[in-house]
Amino acid sequence: MASKRKTVAERVAHALQATKCHVHAPVAGRGQHRRYVRAVADTLAAHPGNVKVAERAAIVLGDYSGDEAEPLLRELLAHAAPTVRAAALNGMRRSGDARYGEAAVEMLRDPEAPVRKEALKALGAVGDEACLAPVAAHAEAETVGYLCDLARQAADEIGGRRAAADGEGET
């Protein structure tokens, strides 16, 4: 009798296409993460025009910070749909990985306010000292009021991390 248990790829594909996405990073090691990221990539390739799948994939990829997920998240930043670009930034924020700071700074130029909002949230979470000046400049140049406030908040969060790191170095 054949097993009815679904493969990792089948479970991920099903979850990304479902109404509600419930794909979580496994607790297992890097090999398991690679399998999940590969399954997300395969699902994206199988559904190239499906914006909802791309949005869900971007958020899920944030749980898989690392070399495997990075190219997929960066690719989703160039998606035509602003909701996908915003979701990719959300995934970058969720990853907590500072290497996404530069990509988030680039997305501050996006014409869509929701994308800039997610870029600022990501920068507040993962931005490093190199991101501070562009974020502060964006706070002055931004034309949408709530985004000016969010840019100032992101700059404060980056500055706070820098101050905390400076304080640790003094002990």
Side-chain angles (χ1 to χ4, degrees), residues 6-128 131 134-135 138 142 144 146-147 149-151 153-155 157-158 161:
K6 290 183 176 184
T7 67
V8 167
E10 290 169 332
R11 289 192 312 255
V12 169
H14 174 75
L16 291 178
Q17 296 171 66
T19 304
K20 294 183 180 177
C21 184
H22 298 288
V23 179
H24 302 285
V27 179
R30 304 272 308 149
Q32 186 76 346
H33 281 246
R34 284 188 191 101
R35 287 176 51 207
Y36 273 77
V37 171
R38 200 172 320 120
V40 170
D42 292 345
T43 303
L44 280 169
H47 303 279
N50 191 322
V51 171
K52 288 296 178 194
V53 167
E55 289 170 3
R56 292 177 184 132
I59 293 168
V60 166
L61 287 168
D63 292 336
Y64 302 100
S65 64
D67 296 336
E68 299 86 17
E70 182 180 9
L72 291 170
L73 279 170
R74 288 182 186 273
E75 182 179 318
L76 290 170
L77 287 177
H79 199 280
T83 55
V84 174
R85 296 192 304 272
L89 287 158
N90 183 320
M92 289 177 174
R93 177 182 55 82
R94 289 166 51 99
S95 78
D97 195 330
R99 73 175 128 188
Y100 293 126
E102 186 178 321
V105 166
E106 293 295 319
M107 296 307 290
L108 292 175
R109 293 188 219 133
D110 196 279
E112 300 291 333
V115 175
R116 294 193 310 275
K117 174 184 172 186
E118 287 301 325
L120 289 166
K121 289 168 68 176
L123 285 161
V126 303
D128 59 13
C131 300
V135 170
H138 186 76
E142 178 60 63
V144 178
Y146 77 94
L147 291 179
D149 295 338
L150 192 56
Q153 180 182 347
E157 290 171 7
I158 294 168
R161 279 194 298 280

[X] side-chain N/O to [Y] backbone N/O, donor-acceptor pair under 3.5 Å:
X    : Y    : result
R74  : Y100 : no
R85  : A80  : yes
R116 : D110 : yes

So, do [X] and [Y] sit near enough that their side-chain heavy atoms are less than 4.5 Å apart?
X    : Y    : answer
V115 : E118 : no
Y146 : K117 : yes
Q153 : L120 : no
N90  : R94  : yes
E106 : L77  : no

Minimum heavy-atom separation for [X] and [Y], please, with both atom names.
X    : Y    : result
P114 : A86  : O-CB, 4.1 Å
V105 : P134 : CG1-CB, 3.7 Å
L108 : H138 : O-CE1, 3.5 Å
V40  : A57  : CG1-CB, 3.6 Å
C131 : I158 : CB-CD1, 4.1 Å
L123 : R161 : O-NH2, 3.4 Å

In Å and rounded to the nearest 0.5 Å, what is the [atom1] to [atom2] distance from [X] to [Y]?
X    : Y    : atom1 : atom2 : result
D42  : R35  : CG    : CZ    : 12.5 Å
R56  : H47  : CZ    : NE2   : 11.0 Å
K121 : E157 : NZ    : CD    : 11.0 Å

Quick one, D97 with V126, criterion side chain to side chain contact (heavy atoms under 4.5 Å, CB included). Give me CA distance, side-chain angles, the key distance, then yes/no. CA-CA 6 Å; D97 195 330; V126 303; 5.5 Å; no
Could you tell me whether E70 and R99 have a side-chain N and a carboxylate O separated by less than 4.0 Å? yes
